[in-house]
Protein chains: 2
Amino acid sequence: MARKYIDNPNACSLVHTMNIIGNKWKPIILYLLSNGSMRFGMLNTLIPTISKKVLTNQLKELENDGLLLRQSFAEIPPRVEYSLTEKAVGLLPVLRMLSDWANDAYPEMDFEQCRIVENGKSQLTTQN
Amino acid sequence: MARKYIDNPNACSLVHTMNIIGNKWKPIILYLLSNGSMRFGMLNTLIPTISKKVLTNQLKELENDGLLLRQSFAEIPPRVEYSLTEKAVGLLPVLRMLSDWANDAYPEMDFEQCRIVENGKSQLTTQN
DNA sequence: GCCATTGGTTACTTTTTAGTTACCACTATT
DNA sequence: AATAGTGGTAACTAAAAAGTAACCAATGGC
């Protein structure tokens, strides 16, 4: 009788973390906010290949998971600022390690610039 | 004239790491192999909700990215053992941090058992 | 001679995720 | 009076990922 679940606590919390941040855009959103709050439009400029719809969506999910604070100002034109919560700040050293690991494990690669392309992968622009 | 790429080295290596391990199954596969090599069937037993097709696929991608070593033995029935490469071993502390973060950030949750369900999210079995 | 076993593959369908385009509200500027 | 600027939303389409079921090859055991 096969089990239908994973019964390892470390594996489960790992799975949980990946459910929250383990996709194409979220780590980079968190990383970009690590130096302070930022407006929606600025995020969209710094991640030029994301669509507004998807950016909105990712920001909403991060907010729901308690990683982002959204502040909307009653101005015209509207201004909305996103910033990291304490939870998210606790994740920054881990994001740093993830990025360090890539530099370490793939020393032949040049990570100066990259393009996040359609199929969910990224392209280093120096590889063109 | 908007840029069409991300020109931050830390962001790019982060994106690269997430391209390699940032999905539903890969971190858990790596975690399960952290104590030594394991056969295909055992992985499939320990991750009961993954399909053979997807498991095969994930293992292939991890092998291509240099994280797994695949050893096939000429026996009948066939035996194939998967183990971590040095690259992947370097990732283990990071995986540990990712799992620690979840325990820390969501102390109210019980990560004893979980089920990875259809829509890409996980369910804690104690929440049923 | 038939069945079980392992580690897949193939073809097909379903689900999920992402992209596109058009639109809105409100004000300031030209 | 038209236009630009911001932070979205809605409806629709396309693409990617995942699931399902059937099949295979070779040997050992019954």
Side-chain angles (χ1 to χ4, degrees), chain A residues 2 4 15 18-29 32-33 37-64 68-83 115-123, chain B residues 2 4 15 18-29 32-33 37-64 68-83 115-123:
Chain A
K4 281 275 173 281
V15 165
M18 294 313 284
N19 281 340
I20 293 175
I21 61 153
N23 81 350
K24 189 173 167 182
W25 307 109
K26 287 177 183 172
I28 187 158
I29 292 171
L32 290 175
L33 291 172
S37 69
M38 203 178 270
R39 298 178 65 168
F40 181 89
M42 192 59 191
L43 282 167
N44 209 166
T45 299
L46 294 179
I47 315 176
T49 54
I50 200 173
S51 66
K52 273 201 301 187
K53 189 194 103 183
V54 173
L55 180 54
T56 305
N57 220 0
Q58 304 291 300
L59 291 170
K60 254 183 213 160
E61 289 183 15
L62 287 170
E63 198 193 350
N64 288 342
L68 291 190
L69 187 69
R70 178 181 183 277
Q71 297 174 81
S72 168
F73 297 85
E75 304 174 1
I76 297 292
R79 176 161 63 107
V80 178
E81 302 231 341
Y82 290 91
S83 56
R115 190 189 305 262
I116 300 184
V117 291
E118 311 73 41
N119 61 354
K121 302 299 175 191
S122 71
Q123 246 176 23
Chain B
K4 281 275 174 281
V15 165
M18 294 314 284
N19 281 341
I20 294 176
I21 62 152
N23 80 351
K24 189 173 166 184
W25 306 109
K26 288 177 183 173
I28 187 157
I29 291 171
L32 290 174
L33 291 172
S37 70
M38 204 177 268
R39 298 180 63 170
F40 180 90
M42 193 59 190
L43 283 167
N44 210 167
T45 301
L46 294 179
I47 314 176
T49 54
I50 201 175
S51 66
K52 274 202 296 185
K53 189 194 102 179
V54 173
L55 181 54
T56 305
N57 220 357
Q58 304 292 301
L59 291 170
K60 254 182 214 161
E61 290 183 12
L62 287 169
E63 199 195 350
N64 288 340
L68 290 190
L69 188 69
R70 177 181 183 278
Q71 296 174 83
S72 169
F73 297 85
E75 303 175 0
I76 298 290
R79 177 161 64 106
V80 178
E81 302 230 340
Y82 290 91
S83 56
R115 190 189 307 262
I116 301 183
V117 291
E118 311 74 39
N119 59 355
K121 301 298 176 191
S122 72
Q123 245 176 23

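Reminder, nothing fancy here: chain letters follow the sequence lines and each chain counts from 1.
Put simply, the side chain of B:Thr49 reaches to within 4.5 Å of the side chain of B:Trp25, judged on heavy atoms. Looking only at side-chain heavy atoms (C-beta outward), A:Ile29 and A:Tyr82 stay at 4.5 Å or farther from each other. Contact check for A:Val54 versus A:Lys24: no side-chain heavy atoms found under the 4.5 Å cut-off.
Going from atom CE of A:Met42 over to atom P of D:dG5 covers 16 Å, rounded to whole Å. Taking atom CG on A:Leu55 and atom C1' on C:dG19, their separation rounds to 14 Å, with Å as the unit. Regarding B:Lys60, its NZ atom lies at a distance of 11 Å from the C1' atom of C:dG7, rounded to whole Å. For the pair B:Asn23 CG and D:dG19 P, the interatomic distance rounds to 11 Å; values are reported in whole Å. To the nearest angstrom, P of D:dT6 lies 12 Å from CD of A:Glu75.
Dashed line: the shortest gap from a side-chain N or O of B:Gln58 to OP1 or OP2 of D:dA17 is not under 4.0 Å. Residue B:Arg39 places none of its side-chain N or O atoms closer than 4.0 Å to OP1 or OP2 of C:dG8.
Relative to the side chain of B:Lys24, the nucleotides C:dG19, D:dG19, C:dG8 differ in distance, and D:dG19 lies closest.
Once rounded to the nearest 0.5 Å, the distance linking OG1 of A:Thr56 with CD1 of A:Ile50 reads 8.5 Å. Rounding to the nearest 0.5 Å places CG of B:Leu46 at 8.5 Å from CD1 of B:Ile28.
A:Ser37 pairs by the side-chain hydrogen bond (donor to acceptor under 3.5 Å, both in side chains) definition with A:Glu81, not counting sequence neighbours.
Each of B:Arg39, B:Met38, B:Arg70 was scored for a side chain to side chain contact (heavy atoms under 4.5 Å, CB included) with B:Val80, with one residue passing: B:Arg70.
Side-chain to base pairing of B:Lys53 with D:dA18: one donor and one acceptor N or O lie within less than 3.5 Å of each other.
Note on B:Phe73: nothing from the nucleic acid sits closer than 4.0 angstrom, heavy atoms only.
Between A:Ser51 and B:Gly41, the residue whose closest nucleotide on DNA chain C is further toward the 5' end is B:Gly41. Looking at which nucleotide of DNA chain D each of A:Val80 and B:Ile50 is closest to, the 5′-most match is held by A:Val80.
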Would you give a per-nucleotide map of nucleotides 23-30 of chain D, 5' to 3', where B means the base has a protein non-hydrogen atom under 4.0 Å away, S means only the sugar-phosphate does, and - means neither? ---BS---
